[in-house]
Amino acid sequence: MSHDLPNDTGRRRFLGLAAGAGALAAAGLPGQSNAQVATKAKIVILGAGAAGTTLANRLVQRLDGAQITVVDGSKQHWYQPGFSLIAAGLKPQDYSVSRTDEWLPAGVTLKPENAAAIDPEARTVDLQSGETLSYDYLVVATGLVLDHDAIDGFSLDMVGENGIGALYAGPDYAARTWKAASKFIDEGGDGLFTRPATEMKCAGAPLKHTFLLDDLARKAGTRDKSHFTYAAPQQSLFGVPIVAEKVRMLFDQRKIGTGMQETLKSIEPGAKRAVFDTADGTVERAYDYIHVIPPQRAPEAVRQSGLSWADKWVDQGWVEVDKHSLRHRRYPEVFAVGDVAGVPKGKTAASVKWQVPVVEEHLVAQIAGDTTDASYNGYTSCPMITQVGRAMLIEFDYNNDLVPSFPGIIAPLQELWISWLMKEVALKPTYNAMLRGKA
Amino acid sequence: MKDLTFETLIAVFEEMFGRGLFWTMVVAAVVITLAYIYVLIRDRAVSWRKFLWAQLSMPLGAIAAVLFVQKVTRSGFADIGGPIDVIVLLGVAVAGAVGLAVLVYTAESLIWPKSETED
């Protein structure tokens, strides 16, 4: 700027203001947090998903000299909260896809393969290549596997055709789900929305998919041609009773029927019929669109390792950890975090955000010969989309208590635009910041 | 939110826009604000003629900001669901209005440093 300044006093004042602003900016810069703990510990993290990646990024900041190895065979990292949006045509397939290695910090070794076996007695992990890793500390963050074979007559190659959707299977399948779903929206018919009997990741997603397709059909003017049924093995529509009631009311308003205590057993893609197990035998339902969510379990290597609960979730194999410390109940040098952890709630990215700092504190304290009272309270969060443009920001804990982040400002059981804005604009950046260990 | 610190917010905003774009926008906002303060100090008075144009631009800034937010988030006025949504909507509108007014006033002052009809 070459404009003449009125006089020197004006210039000095201006520069003084600029300097003040600079000082403010400098004061606001993030500083270094905790001092590092020096260690030679060998830490193996199984899985580079949301939990494993976040933990790796946080541990390298806390530990000096630790040998951290991350084991994950997938080249792609998936932003799974985006799947519901992809499957409703609101985001492209690549919205959820990035590279696994781009999120991992320097100083961490990535083994680009999966674990074949875990021996918690010998403290070793066998990789698929035959290599054996020994560890001082093990963090199981493998995520879960989708047991599509458990649904008779269904296979993943059917997704996208003949009215079959399955958005959990990945970004590509979410996109193919939208192909089938958009046809259903255009043409109408019977829509069946299912849920498995097992524990599952993001238990809100089956409801979101139902709400989104209902809304899109309304906006397309075709809702009168279709009939929506939500069929689930559970007794209620959501695990938290106060939320279940709210969802029931919304389903009534939107004319979405329910078939509770119905477990999808098989489909006949040719005849477009689905068979459900109920307490009184089987029930058949015809469909023009069906959304399949298969049973979900821990990966085979985890289930065979002896780390799973022996008396709970026996068909699913979640890791036997204390629900507050996430430390294994029999092997104190083993932790589980994320979907694979055997805790009553929380197979979501929001749970990961709350769980990882707890595991980090316990692990670092243990290495330093110290203890910590860091505790995970079961917090999880579900931005329950009820239409394109509105959501309910539902947050709860182990007690089924609502634990709103913005009490008195953002009502958890109100369908709000601001909650949609958060999901649409802020959630993925927050997730990415979390992966980098910064949120 | 857990640990909603200044650092977390910066990290989230960097991810939202990309680090380069975010800091470019921050610098742009700081530069415009500083330029605004600069012209106020330089002129030692508010030019009411310029301020009138700035005021007239405010509704435009408000409407543009609201439509922009709705466009990028695939939402509309029908999605307003509660009091907080109205507050957010008004906040977006006020931010757009004030932002454009400051920009217009500053630009006028820099382009026409001394208005012939003033003083």
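First the proteins, then the strands, lettered A, B, ... as listed; each starts at 1.
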For B/Leu89, is it the side chain, the backbone, both, or neither that has a heavy atom closer than 4.5 Å to a heavy atom of chain A?
both
Which bit of B/Val26 is near chain A, if near means a heavy-atom gap under 4.5 Å: side chain, backbone, both or neither?
neither
Using the salt bridge (Lys or Arg N to Asp or Glu O under 4.0 Å) rule, take B/Glu15 and A/Arg436 through it: C-alpha gap first, then chi angles, then the decisive distance, then the call.
CA-CA 10 Å; B/Glu15 295 292 343; A/Arg436 296 188 201 279; 2.4 Å; yes
Below 4.5 Å from any heavy atom of chain B, which atoms of [X] appear? Answer side chain, backbone, both or neither.
X        : result
A/Lys428 : neither
A/Glu415 : backbone
A/Ala426 : both

Smallest separation among heavy atoms of [X] and [Y], with atom names:
X        : Y        : value
A/Gln387 : B/Asp79  : NE2-OD1, 2.8 Å
B/Met16  : A/Val425 : SD-CG1, 3.6 Å
B/Pro83  : A/Gln414 : CD-NE2, 4.2 Å
B/Ser75  : A/Leu421 : OG-CD2, 4.4 Å
A/Leu416 : B/Gly81  : CD2-C, 3.7 Å

For a 4.5 angstrom cut-off between non-hydrogen side-chain atoms, does B/Val88 reach A/Trp417?
yes
Ranked by heavy-atom pairs below 4.5 Å to chain B, first place among A/Lys423, A/Arg390, A/Glu424 goes to A/Arg390
Check this for me: B/Leu56, atom CG, are more than 12 non-hydrogen atoms of other residues, nucleotides or ligands nearer than 6.0 Å?
yes
